[in-house]
Each structure stands twice: as structure tokens, then as C-alpha cells.
Novice: 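The structure follows.
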Amino acid sequence: MVILKKWTVSVFVLVMIALLSSCEGDKYYEEEYVDSYTQDYTVQKGDWSVGKDDSGEYFYYEFRESNLTQYIYENGIMQAFLFMDEENITPLPFNDYWIDESNPDYMWTEQVTCEFRPGFVTFILKYSDHATNEPPHYNYTFRVRFMW
């Protein structure tokens, strides 16, 4: 019985060595290089413009970004983040809610998103009530990373 156990273990070890050694080489592993570009953007509280779409009015600000080429747009990806404070960021889209200090029964949500196209990065603030009579009261800082 002991000989059968030793023989079974030996066969198992040989099979595992054969399987593991067959995974080596370029056939199963290909080294990839990723290029990236990271940029921080700040939109001052009074710099937002008002836009309109099928859902209503919203705020937006568009930055010219010469590093965002047609090639990166077609072959890359974008990751966008909102700075919550000096050390913490959160990915976009980000949703938050607000309460009117003068009328605590009135709440609305804010959605922060980002879009891009060759040569431009656009940040968008959409409020659930679509009110754009007052611009946002805060500066917003974003970090965007492009990878291709």
C-alpha cells in the first residue's frame, strides 16, 4: 500500500511539473506597455456655463487639452476623479445631495460627470431640480488620467 501511495504521489508531481512548465514562454505571457497622461483641472465657482439637453439645464466647463489626440480618444480610456479635499479623491460620476439652509425641507442632488473628445475635457454638474439661476458656490478640482 505504501508503494502505491509513493507511486501515486510521484505521478502527481510529474504531471504538475509538466503542466506548469508548459505555461512558460511567450505563448501565454505577453508584456504590455501602457502610456498615460495625468492632469489636474480646477473650475472656479463663477466660471461655469449653462447648457441644456433633453433633461433640462445644467452647468458645464470645458478645458482645451492639446495632449488628448484623436489616437488617444479612439484607442485609450479615461479615468476622472473629483477632489473631496486635499488628500481624498472619488471617481466620477459622483452624486451628492444638498439641503437648503433656509428651507431644510428642500433637498436636491448634484451629479458630477466628465466627458472628453479630441482636444477637450468637459466637466458637468447636473442638479435634480435643474436650477441654474445661481452658479455653484464652490471651486471644483478634478484629476483626469488618460491611458492608451
Novice: What about the rings of Tyr140 and Tyr61, do their centers lie closer together than 6.0 Å?
Specialist: no
Novice: Going by the rule side chain to side chain donor-acceptor pair (under 3.5 Å), which residues pair with Thr90 if we only count those two or more places apart in sequence or in a different chain?
Specialist: none
Novice: Compare every heavy atom of Lys45 with every heavy atom of Pro135, then report the nearest pair and how far apart it is.
Specialist: CB-O, 3.8 Å
Novice: Do the side chain of Asn75 and the main chain of Tyr71 share a donor and acceptor less than 3.5 angstrom apart?
Specialist: yes
Novice: Could you tell me which non-hydrogen atom of Phe59 sits nearest to which non-hydrogen atom of Ala131, and how far apart they are?
Specialist: CE1-O, 3.9 Å
Novice: Are Val144 and Phe120 in one and the same hydrophobic cluster, where Ile, Leu, Val, Met, Phe, Trp and Tyr link if side-chain heavy atoms are under 4.5 Å apart?
Specialist: no
Novice: Measure the CD1-CD distance between Ile72 and Glu74 for me, rounded to the nearest 0.5 Å.
Specialist: 11.0 Å
Novice: How would you list, by chain and number, every residue that makes a side chain to side chain donor-acceptor pair (under 3.5 Å) with Glu115, sequence neighbours excluded?
Specialist: none
Novice: NZ/Lys52 to CD/Glu57 distance, rounded to the nearest 0.5 angstrom?
Specialist: 5.5 Å
Novice: Can you check side chain to side chain contact (heavy atoms under 4.5 Å, CB included) on Phe81 and Phe94, steps first, answer last?
Specialist: CA-CA 9 Å; Phe81 305 90; Phe94 175 74; over 6 Å; no
Novice: For a quick test of reading the model, state the closest non-hydrogen atom pair linking Gln111 to Pro93 and the distance between them.
Specialist: NE2-CB, 4.4 Å
Novice: Surrounding CG of Asn133 (heavy atoms of other residues, nucleotides or ligands, distance under 6.0 Å), is the total greater than 12?
Specialist: yes
Novice: Show the numbers, then the answer: is there a side chain to side chain contact (heavy atoms under 4.5 Å, CB included) between Phe146 and Asn67?
Specialist: CA-CA 10 Å; Phe146 300 99; Asn67 292 315; over 6 Å; no
Novice: Are Tyr41 and Phe123 close enough that their ring centers fall under 6.0 Å?
Specialist: yes
Novice: Can you establish whether the number of heavy atoms outside Phe63 located under 6.0 Å from its atom CZ is more than 12?
Specialist: yes
Novice: Which pairs count as salt bridge (charged side-chain N to carboxylate O under 4.0 Å, His left out) when at least one residue sits in residues 76-97, sequence neighbours excluded?
Specialist: none
Novice: Do you know the tightest heavy-atom contact between Thr141 and Leu82?
Specialist: O-CD1, 3.5 Å
Novice: In Å and rounded to the nearest 0.5 Å, what is the CH2 to CD1 distance from Trp148 to Ile77?
Specialist: 11.0 Å
Novice: Is there a chain of hydrophobic side chains (I, L, V, M, F, W, Y, each step under 4.5 Å between heavy atoms) that links Val112 to Phe83?
Specialist: no
Novice: When you group the ILVMFWY residues by side-chain heavy-atom contacts below 4.5 Å and let the links chain together, are Tyr97 and Tyr58 in the same group?
Specialist: no
Novice: Quick one: OG1 on Thr38 to CE on Met147, what's the gap to the nearest 0.5 Å?
Specialist: 8.5 Å
Novice: Can you name the salt bridge (Lys or Arg N to Asp or Glu O under 4.0 Å) partners of Glu65, sequence neighbours left out?
Specialist: none
Novice: Find the distance between OH (Tyr37) and CZ (Arg145) and round it off to the nearest 0.5 Å.
Specialist: 12.5 Å
Novice: Group every Ile, Leu, Val, Met, Phe, Trp and Tyr by side-chain heavy-atom contacts under 4.5 Å, then state whether Phe116 and Leu125 land in the same group.
Specialist: yes
Novice: Under the rule for side chain to side chain donor-acceptor pair (under 3.5 Å), what residues qualify as partners of Ser49, not counting sequence neighbours?
Specialist: none
Novice: From Ile124 CD1 over to Tyr60 OH, what is the distance, rounded to the nearest 0.5 angstrom?
Specialist: 10.0 Å
Novice: Give every residue pair that meets the salt bridge (charged side-chain N to carboxylate O under 4.0 Å, His left out) criterion with at least one member in residues 117-134, sequence neighbours excluded.
Specialist: Asp53-Lys126, Glu62-Arg117
